[in-house]
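Worksheet for the structure shown next.
Because only heavy atoms are used, hydrogens play no part in the values below, and waters and symmetry mates are left out as well, while side chains stay in. Every chain is numbered from 1 and lettered A, B, ... according to where its sequence line falls, protein lines coming before strand lines.
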Amino acid sequence: MKYDFKEIEPKWQKYWDEHESFKAETGSSKPKFYALVEFPYPSGAGMHVGHIKAYSGLEVVSRKRRLEGYNVLFPIGFDAYGLPTENTAIKTGVHPRVVTDRNIHKFTSQLRKVGFSFDWSRVVDTTDEGYYKWTQWIFLKMFENGLVFRDRTLVNYCPSCKVVLSNEDSQGGKCDVCHSDIIQKEKEVWYLHITQYADKLLQGLEKVDFLPNIKLQQENWIGKSTGAFVEFTIKENGEKLKIYTTRPDTLYGVTFMVMAPEHPLIEKYRGSIKNIDELDAYKDECAKKSEFERTQLVKDKTGVKIDGFTAINPVNDTEIPIYVSDYVMMGYGTGAIMAVPAHDTRDYEFATKFGIPIIEVIKGGDISKEAYTGDGEMVNSGELNGITNKKDAIAKVLTVLEKKGVGEAGVQYKMKDWAFNRQRYWGEPIPIVHCPKCGMVPVPYEELPLRLPPVENFQPGSDGESPLAKIDSFVNCKCPKCGGDAKRETDTMPQWAGSSWYFLRYCDPNNDTALASQEALKYWLPVDWYNGGMEHVTRHLIYSRFWHRFLYDIGAVPVDEPYAKRTAQGLILGPDGVKMSKSRGNVVDPNDVVDEYGADVLRVYVLFMGDYEQAAPWSESSLKGCKRFLERIWALQDIMTDDEGYSKELSASMHRTIKKVSADIEQLKFNTAIAAMMTLLNQISDKGSITKGEMKSLLTMLNPFAPHITEEMYNTLFGGILSEQSWVTYDEALCVEETIEIVVQINGKVRAKMNIAADADQDTMIAAALENETVKPLLDGKTIVKKIAVPKKLVNIVVK
RNA sequence: GCGGGUGUGGCGGAAUUGGCAGACGCGUCGGAUUUAGGUUCCGAUGGGCUUCCCGUGCAGGUUCAAGUCCUGUCACCCGCACCA
């Protein structure tokens with residue numbers, strides 16, 4: 001009988017569906033397990049094999065947990081707002097709602113064909129009214145709590161998509177959606193005050209079980225630095241110029257200061273700056289610089305001295321010049337720095353180029369050659385002289401600054417506030433009304449959801465205005481507070497809004513009176529295990545931790561950190577070893593694989609192809625190897641005996657394999673788990689028969705990986721449903737054979753192998769080795785210097 | 001520049017954490033079945049001057065024993081980046 005996956009796979013998918021085999025039950029007395037995978041963006045291209053790999057990991061864990069008696073929540077949904085759908089709509093004239101529904105339908109059928117054990121009754125769609133009502137609700141709560149503000153600043157702007165992007169969405173100076181170069185543009189936009197949560201996000205990392213590199217990337221992204229704020233007085237106008245530094249200990253070495261070209265004090269005193277024209281020209285030049293020029297040509301410092309500003313160093317009253325240079329950013333610290341060329345590489349380059357004096361205040365380097373950034377004895381530094389350690393010097397100078405009232409300790413973060421808006425149609429409308437009398441007024445909670453109005457033209461305005469701005473019936477409204485004429489906000493929320501809380505909705509997806517009931521949240525939270533891509537570590541994962549933490553602070557959720565554990569899968573590369581992309585033409589469509597080889601083969605292959613957490617290239621021939629494996633499993637039916645337990649020969653192997661597979665699944669080591677089952681299969685084949693007991697255990701172990709074939713075999717051979725049985729157990733004591741092969745080495749080189757009782761002690765092992773027929777002659781005429789025995793492993797005889 | 005990671009056969013990758021390097025799979029070679037191809041099955045497969053020697057990017061070191069530990073060094077990949 002041949003293994004016909006085309007008949008078997010749909011049969012069991014239908015069975016699981018009709019019997020709701022994987023339905024999670026809120027409140028069940030069984031222990032709960034919440035496994036979360038990143039829900040897909042339903043693009044027109046359909047599923048990618050990367051999705052299959054990303055979901056297969058926790059799919060295996062979830063199926064194992066159910067067999068272990070857990071009440072498992074393993075949900076799926078769709079993150080469906082976003083630009084690609086809207087761009088398709090613009091191109092084809094089909095409404096984004098229709099495009100989205102079509103894509104979701106396609107994804108759903110593809111996911112079902114792979115046989116994932118999702119709880120299909122909890123599917124979430126971020127563009128659904130019942131869902132985005134609560135996205136807007138959370139936004140209003142944030143507004144109420146002062147975490148939402150508008151600001152006119154330089155923003156990241158994508159000229160191609162015509163939208164403002166957050167810092168997280170323009171990493172590397174490229175637009176996250178279309179990869180165009182982003183430009184800096186001055187614009188008034190919405191912000192979420194995520195920096196207010198920087199410390200909490202940092203502290204939260206301490207108690208969660210995230211992969212170390214994930215924690216590290218988040219820490220670096222948040223980028224906390226401790227230092228000091230110091231005020232320098234500008235002699236000409238008495239204004240205080242505030243700077244941030246991590247090295248207040250080098251304050252005596254300041255020989256100039258630098259302000260960012262956009263620093264407001266320049267604007268304020270433009271009348272009294274003699275070379276203001278030159279500064280304006282420089283500012284324009286900087287704004288035009290491309291990302292390449294800003295990052296690649298860093299060594300070449302440019303700048304202009306401000307003619308009309310002189311700063312006074314607060315510790316020694318020295319007069320120092322002030323420059324403008326684009327190596328100082330308006331977006332970090334205070335937009336101005338004290339420059340200590342002797343002990344900072346960038347300041348050194350600038351000083352050298354502009355002929356500014358360099359004063360050494362820390363001994364240890366050669367400042368005629370380069371900046372010295374190490375530790376050492378303080379010199380030329382007044383009361384700091386003689387101090388040899390940075391920490392002490394900083395502590396001392398801080399007390400001096402505080403006494404004079406010109407400085408204090410402070411912290412800074414690299415992370416910036418979250419630019420929270422898109423000037424596009426396909427997103428959640430921001431529920432705010434602009435009233436000429438009352439200002440920004442939130443839409444009342446009872447009026448949520450604030451629905452997206454129907455539009456005919458989705459094309460964004462050329463000046464970066466949302467298509468919603470053209471809909472008079474949407475824009476013109478009454479102020480909820482005073483009832484007067486007012487205008488609605490026309491920006492929509494960015495793509496990351498809906499995904500920032502979807503895992504909460506899964507707990508209670510149809511709730512109409514709250515984002516989820518407290519009962520459901522208390523039962524399911526936190527997510528026990530979250531797996532996803534590394535590319536989301538500094539975006540979605542930070543954003544959702546922020547939203548969740550906020551919801552915790554207002555009492556809407558019962559736990560402070562949403563994810564107890566986070567892992568990440570590696571990419572699947574194209575057969576050519578390069579990242580899959582349409583333009584390269586090396587994309588593998590999972591649908592084709594399912595049609596030709598079946599879902600089980602695909603599932604086993606994506607987990608067997610390599611280390612789950614590493615990238616690995618797709619290989620059609622390796623895929624065939626997995627097909628052979630399953631066909632050989634299928635063929636075991638022909639050699640099954642009537643014996644119930646384990647056969648004597650295979651007993652230890654059975655126990656060992658169960659132990660290994662059980663442990664490997666928990667560590668995402670699916671490749672070695674499958675390899676262990678292949679080894680077992682080889683042993684069974686060599687032996688020529690399999691007992692009923694062995695068959696049951698093997699099918700159970702394999703079930704999470706290849707559920708269809710194992711379900712079918714179990715059902716045919718034993719009756720009953722395998723996914724309703726229990727996970728297999730092993731006995732540690734039975735994992736080892738009675739006699740095992742050990743190695744005899746002479747001077748560290750393997751010279752013989754021998755069988756010995758597994759529990760032989762060291763003396764017995766050595767005695768046996770010395771009597772070994774291969775070993776004996778090799779020892780003739782030699783003096784034995786040392787004898788080492790490692791139980792169950794080897795004997796090493798050192799001779800001279 | 002800073003931070004993290006990886007270097008093992010022709011390929012993807014194993015190695016119980018110091019104890020037989022190369023599990024498992026792919027590929028390749030040989031054989032059987034087949035008119036042939038494919039499939040399936042059996043055997044071999046790190047390299048060499050093959051009683052023995054050499055092999056985990058490279059050079060040293062520690063140890064009875066090193067892919068694993070230490071020192072130095074090279075290459076590649078990822079993330080951040082004039083962060084004061």
Side-chain angles (χ1 to χ4, degrees), chain A residues 171-173 212-217 219-221 223-225 227-228 243-247 250 257-258 260 291 294-302 325-329 331-340 344-347 349-350 412-416 534-535 537-538 571 573 577 604-605 608-611 613-626 628-629 631-632 635 656 659-660 663 669 671-682 685 741-753 785-799:
Chain A
Q171 298 184 26
N213 55 334
I214 293 179
K215 277 193 190 182
L216 222 104
Q217 255 191 53
E219 279 165 16
N220 291 343
W221 187 257
K224 183 175 182 170
S225 96
I243 60 98
Y244 175 73
T245 178
T246 53
R247 297 296 304 274
T250 61
M257 299 187 76
V258 185
E291 186 69 16
R294 286 206 4 245
T295 57
Q296 301 304 311
L297 309 174
V298 287
K299 291 271 186 291
D300 193 24
K301 296 277 181 294
T302 59
S325 172
D326 65 348
Y327 85 91
V328 172
M329 257 39 67
Y332 185 78
T334 62
I337 61 158
M338 63 177 220
V340 186
D344 180 281
T345 328
R346 294 148 307 176
D347 298 345
E349 285 161 14
F350 193 89
Q412 278 293 302
Y413 300 94
K414 277 199 229 177
M415 185 168 67
K416 293 178 187 159
M534 280 307 289
E535 70 274 19
V537 166
T538 51
L571 288 177
L573 306 173
V604 169
Y605 174 62
F608 181 65
M609 63 194 298
D611 184 333
E613 299 178 57
Q614 295 303 126
W618 184 267
S619 157
E620 184 87 11
S621 46
S622 287
L623 178 70
K624 284 180 186 153
C626 293
R628 256 186 294 245
F629 168 58
E631 280 171 351
R632 291 180 63 206
R656 265 204 310 269
K659 179 181 176 183
K660 178 148 185 68
K669 289 168 80 176
N671 54 338
T672 49
I674 295 167
M677 288 186 280
M678 287 174 168
T679 307
L680 180 63
L681 171 65
N682 289 342
S685 295
E741 190 183 68
I742 65 157
V743 162
V744 183
Q745 297 180 334
I746 297 176
N747 288 345
K749 305 244 185 259
V750 178
R751 286 291 181 260
K753 296 186 177 185
V785 183
K786 201 170 181 179
K787 291 169 283 193
I788 298 125
V790 182
K792 297 192 177 75
K793 295 266 195 285
L794 54 69
V795 174
N796 188 14
I797 300 164
V798 184
V799 298

* Intra- and inter-strand pairs of RNA chain B in dot-bracket (Watson-Crick or G-U wobble, both distances under 3.5 Å; | for another strand) -> (((((((..(((......[....)))((((((.......))))))(((...)))..(((((..]....))))))))))))....

* Expected output: side-chain A/Tyr605 to main-chain A/Ser619 donor-acceptor under 3.5 Å -> yes

* To do: Go through the structure and list residues passing salt bridge (Lys or Arg N to Asp or Glu O under 4.0 Å) with A/Arg751, not counting sequence neighbours.
  => none

* Asked: Would a 4.5 Å heavy-atom cut-off, applied to side chains only, mark A/Ile337 and A/Tyr327 as touching?
  -> yes

* Does some side-chain heavy atom of A/Thr345 sit less than 4.5 Å from a side-chain heavy atom of A/Glu349? -> yes

* To do: Among the candidates B/rU40, B/rC82, B/rC64, find the nucleotide nearest to the side-chain atoms of A/Lys301.
  => B/rC82

* **Separation of the P atoms in B/rU17 and B/rG10, to the nearest angstrom** => 30 Å

* Sticking with atom P, work out how far B/rC69 lies from B/rC20, rounded to a whole angstrom. => 16 Å

* Is B/rU17 in the syn or the anti form, by the rule that syn lies within 90° of 0? -> syn

* Phosphate contact (B/rA84 OP1 or OP2) by A/Tyr244 side-chain N/O below 4.0 Å -> no

* Find out whether A/Lys215 and A/Asn213 are in side-chain contact, i.e. whether some heavy atom of one side chain is under 4.5 Å from a heavy atom of the other. => no

* Is A/Lys792 touching bases, backbone alone, or none of the nucleic acid, heavy atoms closer than 4.0 Å? -> nothing

* Whole angstrom value for the distance that separates P of B/rC82 from NZ of A/Lys414 -> 9 Å

* Between B/rA81 atom P and A/Gln217 atom CD, what is the distance in whole Å? -> 11 Å

* **Contact state string [nucleotides 18-28 of chain B, B base, S sugar-phosphate only, - no protein heavy atom under 4.0 Å]** => -BB--BBSSS-

* To do: Write down the distance separating the C1' atoms in B/rG18 and B/rG13, rounded off to the nearest Å.
  => 22 Å

* Asked: Choosing from B/rC82, B/rU40, B/rG12, which nucleotide comes nearest the side chain of A/Pro617?
  -> B/rG12

* Gap in Å between the two P atoms, one belonging to B/rG55 and one to B/rA21, rounded -> 12 Å

* Can you check the A/Arg751 CZ to B/rU51 P distance for me, whole Å? -> 13 Å

* Rounded to the Å, how far apart are A/Met609 CE and B/rA14 P? -> 13 Å

* Structure fact -> Value for CG (A/Leu623) from CZ (A/Phe608), rounded to nearest 0.5 Å, stands at 12.0 Å

* Asked: Taking the C1' atom of each, how far is B/rG67 from B/rG1, in whole Å?
  -> 32 Å

* Asked: Between atom CD in A/Gln614 and atom P in B/rU8, what is the gap in whole Å?
  -> 12 Å

* Spacing between A/Leu571 atom CG and B/rG5 atom C1', to the nearest angstrom -> 14 Å

* Spacing of the P atoms in B/rU8 and B/rA59 (rounded, Å) -> 16 Å

* Is it the case that more than 12 heavy atoms not belonging to A/Lys787 sit under 6.0 Å from its NZ atom? -> no

* **N-glycosidic conformation, B/rG9 - syn within 90 degrees of 0, else anti** => syn

* Asked: Which comes earlier along RNA chain B counting from the 5' end, the contact point of A/Ser685 or that of A/Asn220, where each point is its nearest nucleotide?
  -> A/Asn220

* Picking from B/rA84, B/rC54, B/rC64, which would you name as closest to the side chain of A/Val798? -> B/rC64

* Asked: Under 4.5 Å between any side-chain heavy atoms of A/Val798 and A/Asn747, yes or no?
  -> yes

* Asked: If you check the A/Leu216 side chain, which of B/rC64, B/rU40, B/rG4 turns out closest?
  -> B/rG4

* Roughly how many Å is it from CG in A/Asn213 to C1' in B/rU6, rounded to a whole number? -> 13 Å

* Structure fact -> Separation of B/rA84 atom P from A/Phe350 atom CZ, nearest Å, is 18 Å

